[in-house]
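For reference, the structure is listed below as structure tokens.
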Amino acid sequence: MNIRKGNPEDMESVLGLIQELAIFEKEPDAVVITVDDLVRDGFGENPLFHVFVAEVEEEIVGIALYYYRYSTWKGKTIHLEDLIVKDKMRGTGLGSALYAEIMKQGKKDNVRRVEWNVLAWNTPAVKFYENSGARILEDWQVVQMDEAGINSFLEK
């Protein structure tokens, strides 16, 4: 297993993993981004995200995609958008290695918090995070406004 920073040439494989995650999360039609979007947004002058890729025998079989946020309470933080491991590689320690890489990046960057979301029904992930020492905040709820909602709101 080799974990390294992703590059533009990896984005086709990254998109494949994102689509695999969407299927796992029962939202197979939700992914609208393209390889071009990922290359533009991750490798331009002001990248919007960073990604670690995990390779086994030169195949990308996992990713940890993250970006920086700012907390009015904590300052600079990392948001782990997605930690994805191909189904055939789950249980091999690959996910733990990617997770550790994100924590190392947080330590290197002197962030005061790393945060992410987890689906409540994904009990293996919930248990993994709890066992790692992460706190799952029960009182907070994720709030989103999709593109249609934004347009509807602005038309009022």
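The figures here come from the full heavy-atom set of this structure, side chains too, leaving out hydrogens, waters and symmetry mates. Not measured: the values here are computed from a predicted model.
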Legend entry - Chi angles and distances behind the side chain to side chain contact (heavy atoms under 4.5 Å, CB included) call for L94, K86: CA-CA 10 Å; L94 192 130; K86 274 191 177 274; over 6 Å; no
Inset, instruction - Side-chain contact test, heavy atoms from C-beta onward, threshold under 4.5 Å: evaluate it for M11 versus V51 and give yes or no. - result: yes
Inset, instruction - Using the ring of Y68 (Phe, Tyr or Trp, six-membered ring only), decide whether K76 places NZ or CZ under 6.0 Å from its centre and within 45 degrees of its axis. - result: yes
Inset, instruction - Drop me the distance from L137's CG to N117's CG, to the nearest 0.5 angstrom. - result: 10.0 Å
Inset, instruction - Using the rule that two of Ile, Leu, Val, Met, Phe, Trp, Tyr join whenever any of their side-chain heavy atoms come within less than 4.5 Å, decide whether M89 and L83 are in one cluster. - result: yes
Inset, instruction - Decide if atom CD of E25 counts as having more than 12 heavy atoms of other residues, nucleotides or ligands within a radius under 6.0 Å. - result: yes
Inset, instruction - Give a yes or no on whether a salt bridge exists between R69 and E115, defined as a side-chain N under 4.0 angstrom from a carboxylate O. - result: yes
Legend entry - Verdict with reasoning, Y99 to S132, per side-chain hydrogen bond (donor to acceptor under 3.5 Å, both in side chains): CA-CA 10 Å; Y99 182 75; S132 79; 2.6 Å; yes
Legend entry - Note, E55 side chain near V61 side chain (heavy atom, < 4.5 Å): no
Inset, instruction - Decide if the gap between the ring center of F24 and the ring center of W121 is smaller than 6.0 angstrom. - result: yes
Inset, instruction - Answer yes or no: does atom CZ of R4 have more than 12 heavy-atom neighbours from other residues, nucleotides or ligands under 6.0 Å? - result: yes
Inset, instruction - Using a strict cut-off of less than 4.0 Å between a Lys/Arg side-chain nitrogen and an Asp/Glu carboxylate oxygen, indicate whether D109 and K104 qualify as a salt bridge. - result: no
Legend entry - Flag for T34-D37: side-chain donor and acceptor within less than 3.5 Å: yes
Inset, instruction - For the residue pair Y66 and F52, categorise the inter-ring angle as parallel (less than 30°), tilted (30 to 60°) or perpendicular (more than 60°). - result: parallel
Legend entry - Ionic contact status for K5 with E101, cut-off 4.0 Å: no
